[in-house]
There are 2 protein chains.
Amino acid sequence: MSADAETPRPVTRIQREKQELILEAALDVFSQHGFRGSTIDQIAEAAGMSKPNLLYYFKSKEDIHAPLLARILDTWLDPLRDLDADGDPLPEIQSYIRRKLEMSRDFPRESRLFANEMLRGAPGFHDVLHTELKNLVDEKAAVIRGWMAEGKIAKCDPYHLIFSIWATTQHYADFDIQVRAVLGRERSGEGRFEDAARFLDQLFLHGLSPAKKA
Amino acid sequence: MSADAETPRPVTRIQREKQELILEAALDVFSQHGFRGSTIDQIAEAAGMSKPNLLYYFKSKEDIHAPLLARILDTWLDPLRDLDADGDPLPEIQSYIRRKLEMSRDFPRESRLFANEMLRGAPGFHDVLHTELKNLVDEKAAVIRGWMAEGKIAKCDPYHLIFSIWATTQHYADFDIQVRAVLGRERSGEGRFEDAARFLDQLFLHGLSPAKKA
DNA sequence: CTAGAATTTTTCCAATCGGTCAAAAAAAAT
DNA sequence: ATTTTTTTTGACCGATTGGAAAAATTCTAG
């Protein structure tokens with residue numbers, strides 16, 4: 001018997017399903033209230049079980065939160081990983097933007113959980129940001145810089161370019177309520193994501209300068 | 001004697017100062033942990049006083065939080081209010097971006113408090129978003145559309161333009177930790193805001209299309 | 001100096017928090 | 001059917017929470 005007093009490693013299919021159910025409920029709660037603002041009771045109720053029962057599957061609040069974060073960061077960076085150095089620069093960036101926007105549309109809770117963690121100062125997350133994340137961004141920034149050197153794209157700071165893509169796309173998940181309020185009832189349908197996609201295409205491709213017919 | 005059992009309206013100069021001291025401390029705490037994740041004890045300690053003493057000045061947690069939010073939304077929108085329909089479009093927008101960026105640099109806690117509130121779904125804030133905020137944005141969106149009609153600026157959705165300015169500028173306050181991690185030790189000085197300003201100028205003015213010498 | 005008001009501290013409370021434990025119940029294995 | 005294992009429940013614990021009450025202190029005016 002190992003000395004590890006941990007959550008029963010998922011043997012049964014049922015166990016895995018229950019754990020998934022709990023993580024799903026926890027995502028709901030954590031993404032709204034943050035880690036400290038969420039309670040185990042809340043999560044348990046959202047998952048339709050009692051608190052001790054939930055604690056049978058995850059032995060602490062942290063143990064529910066941590067795997068959520070880990071999983072999310074990973075899928076969150078997938079679109080950036082797929083940025084292809086051998087592709088056409090502008091279409092590559094364009095499709096990166098589109099994929100990030102789709103993630104904000106399809107996984108807003110994940111985006112908000114991530115944002116909550118950043119606002120807290122990302123405790124117990126620092127290392128990942130400075131290694132995994134930084135390495136990936138460094139790599140892709142180099143790719144982008146390569147495109148600039150070839151004259152295929154306007155010269156600019158690739159890091160801030162990536163930041164601006166993150167910011168503009170995630171905004172539609174994290175500030176959803178504000179966006180809906182400002183757009184009003186009529187324009188708050190799912191169509192707002194298509195409008196956003198159109199706008200971001202134009203912004204990143206041409207900016208605001210009036211079209212020159214030179 | 002009014003029936004309102006409220007916090008002693010600030011008569012003394014000392015009272016006003018203490019209240020300000022508390023709000024300052026509360027801003028620190030709330031901006032990091034959100035409303036539910038913050039405790040009165042934390043705030044009291046940050047303000048250098050005991051919890052009951054703090055409760056002498058503000059009778060509840062909500063009573064500390066609410067005025068902070070109200071004040072922030074107001075100053076937060078100042079730059080947009082100043083967007084001048086009679087000014088030159090591109091410089092107007094450029095200086096709006098710059099001011100928003102400066103606010104992220106100089107008042108990051110305010111930005112984070114606001115972000116925290118949005119993530120929660122902005123309870124007890126809905127009305128303000130749908131009236132004050134929406135009205136202002138509608139007004140300024142009309143101004144921008146006017147500029148487009150005159151051909152002084154490229155045609156695009158003015159609402160999403162405003163969203164993208166909010167997103168890109170506030171990102172440097174709300175995701176500060178991520179930004180620092182990615183930029184690395186060397187580039188995490190205050191200079192990053194100048195880099196950001198340069199980049200955003202280019203993004204919004206010209207986008208990423210390679211400079212045409214047509 | 002002294003009465004009165006303003007401020008601060010001490011003590012306390014009920015509710016909620018994260019989490020434990022043993023017993024009950026349900027499933028699975030024999 | 002019965003034993004064994006897994007899952008669920010109910011009762012409970014110490015710590016922390018938001019907040020009240022009242023005593024103790026400090027400040028201020030006369």
Side-chain angles (χ1 to χ4, degrees), chain A residues 1-26 28-30 32-69 116 120 123-124, chain B residues 1-2 4-23 25-26 28-30 32-69 116 120 123-124:
Chain A
M1 202 124 300
S2 111
D4 244 63
E6 53 180 29
T7 306
R9 32 203 154 342
V11 177
T12 328
R13 179 185 48 91
I14 290 185
Q15 280 177 342
R16 223 187 301 270
E17 282 178 3
K18 286 261 177 175
Q19 289 192 351
E20 209 48 51
L21 178 75
I22 292 170
L23 288 176
E24 172 69 16
D28 258 347
V29 178
F30 280 138
Q32 272 189 50
H33 305 290
F35 181 75
R36 286 212 46 185
S38 303
T39 74
I40 299 184
D41 281 295
Q42 264 181 299
I43 299 171
E45 193 192 332
M49 62 179 69
S50 66
K51 177 170 61 170
N53 195 8
L54 181 149
L55 285 168
Y56 171 73
Y57 290 101
F58 293 90
K59 67 169 190 172
S60 78
K61 198 175 162 184
E62 273 272 348
D63 276 13
I64 316 173
H65 194 247
L68 272 180
L69 268 185
N116 255 308
R120 278 209 303 163
Chain B
M1 200 128 301
S2 110
D4 244 67
E6 52 179 31
T7 305
R9 28 202 156 340
V11 176
T12 329
R13 178 185 50 90
I14 289 186
Q15 280 178 340
R16 223 185 302 268
E17 282 178 2
K18 287 260 177 179
Q19 289 193 351
E20 209 49 49
L21 178 75
I22 292 170
L23 289 175
D28 257 346
V29 178
F30 281 138
Q32 271 189 49
H33 307 290
F35 181 75
R36 288 211 43 186
S38 303
T39 73
I40 299 183
D41 280 296
Q42 265 180 300
I43 298 170
E45 193 192 330
M49 64 178 69
S50 66
K51 177 170 63 172
N53 194 11
L54 181 148
L55 284 168
Y56 171 73
Y57 290 101
F58 293 89
K59 67 169 188 167
S60 77
K61 198 173 160 185
E62 273 271 348
D63 275 12
I64 316 173
H65 194 248
L68 272 179
L69 268 185
N116 255 308
R120 279 210 302 164

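Convention: sequence-line order gives letters A, B, ...; per-chain numbering from 1. Just so you know, these numbers use all the heavy atoms, side chains as well, and skip hydrogens, waters and symmetry mates. The structure presented is a predicted model; accordingly, all values stated were derived computationally and were not measured.
Proximity note for A:Pro52 (side chain, C-beta onward) versus D:dG19, C:dT7, D:dG10: the nearest is D:dG10. When the nucleotides C:dC17, D:dG18, C:dT8 are ranked by their closest atom to the side chain of B:Asp41, D:dG18 comes out on top. Nearest to the side chain of A:Ser50, among D:dT9, D:dG18, C:dG18, sits D:dT9. Nearest nucleotide to the B:Tyr56 side chain, out of D:dT8, C:dT8, C:dT11: C:dT8. Among the nucleotides D:dT8, D:dG18, D:dG10, the one closest to the side chain of A:Lys18 is D:dT8.
Each of A:Leu54 and A:Arg36 was matched to the nucleotide of DNA chain D holding its nearest heavy atom; the match closer to the 5' end belongs to A:Leu54.
Listed pair A:Gln15 / D:dT7 meets the phosphate criterion, a side-chain N or O lying under 4.0 Å from OP1 or OP2.
Residues A:Lys51 and A:Leu54 are not in side-chain contact: their nearest non-hydrogen atoms beyond the backbone lie 4.5 Å or more apart. At least one side-chain heavy atom of B:Thr39 sits under 4.5 Å from a side-chain heavy atom of A:Arg36. Contact check for A:Leu23 versus A:Phe58: side-chain heavy atoms found under the 4.5 Å cut-off.
Between the side chain of A:Lys51 and the base of C:dG19, a donor-acceptor pair under 3.5 Å is found.
We find that CE of B:Met49 is positioned 17 Å from C1' of C:dT10, with the value rounded to whole Å. Per the geometry, CD1 belonging to B:Ile40 stands 19 Å off P belonging to C:dC13, to the nearest Å. Computed from coordinates, the B:Lys59 NZ to D:dG19 C1' distance equals 12 Å when rounded to whole Å. The separation between B:Asn53 atom CG and C:dA6 atom P is 15 Å, rounded to whole Å.
At the heavy-atom level, B:Leu55 lies under 4.0 Å from base atoms of the strands shown.
Ring pair B:Phe35/B:Phe30 is parallel by interplanar angle, where below 30° counts as parallel and above 60° as perpendicular.
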